[in-house]
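Have a look at the structure below before the remarks.
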Amino acid sequence: MCLSSRILNGKTRYFSTLRSSHTENKCILSVPVSSLSHHHLPILLSRATVSGLLLKLPLVHSVLRSLSLGPTPSLSFSFLSLLRRFANMTLDNYSLNIAISAAARVPSLDVGSQFHALSLKLSLASDSFVLNALINMYSSCNYPASARLVLDSAPRWASDVVSWNTIIAGYIRGGMPNKALQSFHQMAKEQVRLDEVTLLNVLVACARTGAMKVGSLCHALVVLNGFEINCYIGSSLVSMYAKCGMVEEARRVFNRMPERNVVCWTSMIAGCTQSGRFKEAVDLFRDMQIAGVKADDATIATVVSSCGQMGALDLGRYLHAYCDGHGLGKELSVKNSLIDMYSKCGDVNKAYQIFRGLTKRDVFTWTVMIMGFAMNGLCVEALDLFAQMEGEDKVMPNEVIFLGVLTACSHGGLVEQGYHHFHRMSKVYNLVPRIEHYGCMVDLLGRAKLLAEAEQFIKDMPVAPDVVVWRSLLFACRASGQVGLAEYAAERIEQLEPKRCGGHVLLSNVYATTSRWVDVNNVRTGMGNSRTSKKPGCSFIEVDGCIHEFFAGDESHFETEAICNTLFGINELLVAESFLILLPPTITKGQIAQVIVDFLEVAVSCVVFLKGFYPPRAFERRRYMNVVVQKAVHPQLAGYIHSATSGLLPFIQKGLVERVVVIFYDKAHVPVEKFVFKLAVNQSYGSKIEEASLEFALRAFLIKLAVAEPLTRTLPSDGSWEIAAYFRSLPPDGEKEAQLWIPTDTKQWMQPPQITPIKSMSCDPVKMQLYLEQPSRTEPRDPPTEP
DNA sequence: ATAGGGTTAG
């Protein structure tokens with residue numbers, strides 16, 4: 001037995017409570033609270049009773065409190081029953097409050113409702129502490145309606161703000177934010193004075209429901225009441241505004257906050273991610289590190305999601321490594337967003353590797369992996385995975401996962417399977433298909449060219465078709481040239497969305513495939529005359545870990561059309577030669593380098609042609625990969641390009657070449673323009689690749705190059721040009737193959753160059769980007785803003 | 001006594 005205060009090092013709450021409430025500084029057991037277990041209780045009781053300590057009520061309370069707040073709150077129940085049985089103690093309101101709070105912490109509805117009965121029996125249920133503890137207990141056990149019942153059946157004077165705050169929080173926790181808002185209104189009607197916690201909770205409810213008006217009202221109330229915009233209130237304000245689609249307002253609140261912790265930063269970053277401002281999200285993440293605030297798993301999850309959505313693989317990989325270096329990323333949400341990011345960036349193997357390494361998987365995990373397989377064309381794998389999930393029977397499918405399953409069916413042309421899963425969704429899992437699911441089905445039927453069936457399906461839908469549904473149908477009409485149906489769908493879109501450009505582009509494409517060029521023109525000019533405008537598309541390119549964001553401007557519209565038409569032509573060629581798709585020849589890793597080298601030779605030739613550096617007769621029109629290209633035929637020119645590109649073969653095979661650059665100089669040998677081919681060949685990639693898919697990916701570069709001239713600058717006369725290769729690491733001096741390559745002393749620009757992307761692609765294991773580097777113009781060019 | 005941010009989507 002220990003009765004000396006010296007031994008109590010004050011480390012645990014149990015001992016410190018004893019000390020603060022008791023001047024005698026006496027201890028009844030020298031075991032820290034964290035290692036107390038049930039078998040200590042009788043000892044505790046007997047020693048306390050013997051020494052007469054526990055019969056003093058404040059001490060009973062402090063022991064109970066310590067047990068209730070400790071790692072095993074249920075100990076307080078046992079101790080209480082021992083006290084009642086052996087020390088004849090009756091429960092007062094305070095002990096009851098502690099016991100109920102312990103039941104909330106476990107949480108145990110069973111024990112909690114027993115204490116509820118006990119408080120009614122002892123007429124203590126109207127004590128405001130007991131009342132609030134009961135409300136909290138039902139809320140914590142996810143019985144918000146019961147919590148509400150307790151409040152409503154108590155006398156008015158017994159409840160206060162805390163009661164209402166707890167009710168509101170309980171509805172939010174139970175996934176009923178609308179009920180939370182209702183309670184807030186009721187609370188106002190009963191003229192209960194709100195406090196900071198009320199507003200904080202209501203802001204969360206607004207964020208969940210998108211109740212923008214109530215949210216702004218809360219903001220006003222924060223200011224009117226003179227509440228400080230601290231980290232708590234600030235975070236929920238930022239989150240509320242972002243979720244209600246008012247990112248600008250969120251940013252304004254964020255910028256004005258006097259103090260910011262991880263949660264504030266994460267709210268703002270997540271706000272950007274959720275509203276498609278991916279680059280801003282990444283920039284904020286950098287600012288956060290500069291501000292010296294450490295990221296946690298929530299931060300990483302949302303930044304990784306941004307990377308995935310803009311295809312920034314390098315940055316995504318950096319974040320992955322950052323996690324490992326900072327002990328982060330252990331939470332499932334981070335793993336999920338990494339799987340999603342790798343899939344979206346085209347590295348399904350890496351995604352699946354992470355997926356397989358997980359011991360725990362939630363709905364998100366399965367959804368992102370199924371989606372990842374589906375979007376990378378591995379449709380059977382996606383369906384197999386869904387079957388595996390159902391077999392494991394640990395995770396309950398939700399609506400979103402079925403979108404992934406249906407997308408897989410749609411992309412894989414698996415009509416039967418699509419119907420099967422669509423029906424199972426409601427029959428087996430009691431999930432009501434939403435408009436998105438109907439959209440998937442229309443897409444599925446349309447892609448399978450079952451247009452009549454798709455049309456009938458739309459007619460039979462229990463929900464009104466939206467623009468996406470009509471667009472899927474309209475898109476499907478293109479392949480079958482069904483002009484009449486296409487026009488009907490376009491009309492529906494026009495009705496639903498008169499201000500947007502709607503189905504015009506798609507409709508004009510249907511006309512184009514049926515060679516109705518007059519109609520194509522009518523639609524196009526109609527678009528220009530009326531106020532319909534296309535929302536600018538946005539793309540990203542990642543250069544040395546730096547993200548560049550681009551909006552499709554009106555100027556580039558003409559080229560877009562040319563590219564689309566060329567692509568349609570290619571599509572038709574592919575359809576005509578569909579045996580290629582049925583029996584795809586595969587090539588090995590060694591052959592990949594050869595394909596790339598051949599491609600580079602042609603591409604460099606096209607670049608030089610495009611710049612008009614030599615007279616056109618130095619080139620010849622040739623067919624390469626089914627597109628028309630300009631191949632150099634002048635002996636010296638062709639010889640230079642051939643030897644330079646083919647000399648790269650051994651280094652590309654070893655994965656040593658990072659960039660192949662065509663540089664144009666002025667007469668002072670200062671670069672005027674660079675065409676950069678950034679290259680990555682994954683060396684660890686094991687399996688073979690389809691030659692057709694690699695060719696298809698590379699061909700897109702040649703098509704883009706053919707129309708890239710307007711993006712480039714006029715060359716000064718008497719300049720020069722050369723082919724340069726940037727190596728990841730330099731080959732040893734003695735190597736024979738390396739002797740062709742000499743270090744170049746290209747002058748550098750003073751300012752970072754202006755980057756213009758031309759094309760990027762990812763076709764495992766090859767990734768390639770083509771972009772222009774030009775010296776910066778003095779005045780920055782703003783991207784066109786959205787209408 | 002009650003309290004903030006995060007991952008999937010046709």
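None of these values were measured; they are calculated from a predicted model.
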Judged by atom type as modelled, is there a donor-acceptor pair below 3.5 Å linking the side chain of [X] to the main-chain atoms of [Y]?
X        : Y        : result
A/Asp297 : A/Ile300 : no
A/Thr266 : A/Val262 : yes
A/His61  : A/Ile98  : no

> About how many Å separate NZ of A/Lys335 and NZ of A/Lys360, when rounded to the nearest 0.5 Å?
Replying inline: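 A/Lys360 NZ to A/Lys335 NZ: 13.5 Å, rounded to 0.5 Å.
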Looking across every strand, which nucleic acid part, if any, lies under 4.0 Å from [X] by heavy atom: base, sugar-phosphate, or nothing?
X        : value
A/Val400 : base
A/Ala270 : sugar-phosphate
A/Asn230 : nothing
A/Thr266 : base
A/Asn201 : sugar-phosphate
A/Asp127 : nothing
A/Ile370 : nothing
A/Phe364 : base
A/Asp297 : base
A/Glu331 : base
A/Val469 : base
A/Ser101 : nothing

>> At a heavy-atom distance below 4.0 Å, which nucleotide of DNA chain B is the first touched by chain A, and which is the last?
In response: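 For DNA chain B, the relevant span reads B/dA1 to B/dG10.
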> Does A/Arg471 make a cation-pi contact with A/Phe475, if we ask for NZ or CZ under 6.0 Å from the ring centre and within 45° of the axis?
Replying inline: no
> What do you reckon, are the aromatic ring centroids of A/Trp164 and A/Phe184 less than 6.0 Å apart?
Replying inline: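 No, ring centres 6.0 Å or more apart.
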> Are A/Phe402 and A/Phe386 close enough that their ring centres sit under 6.0 Å apart?
Replying inline: yes
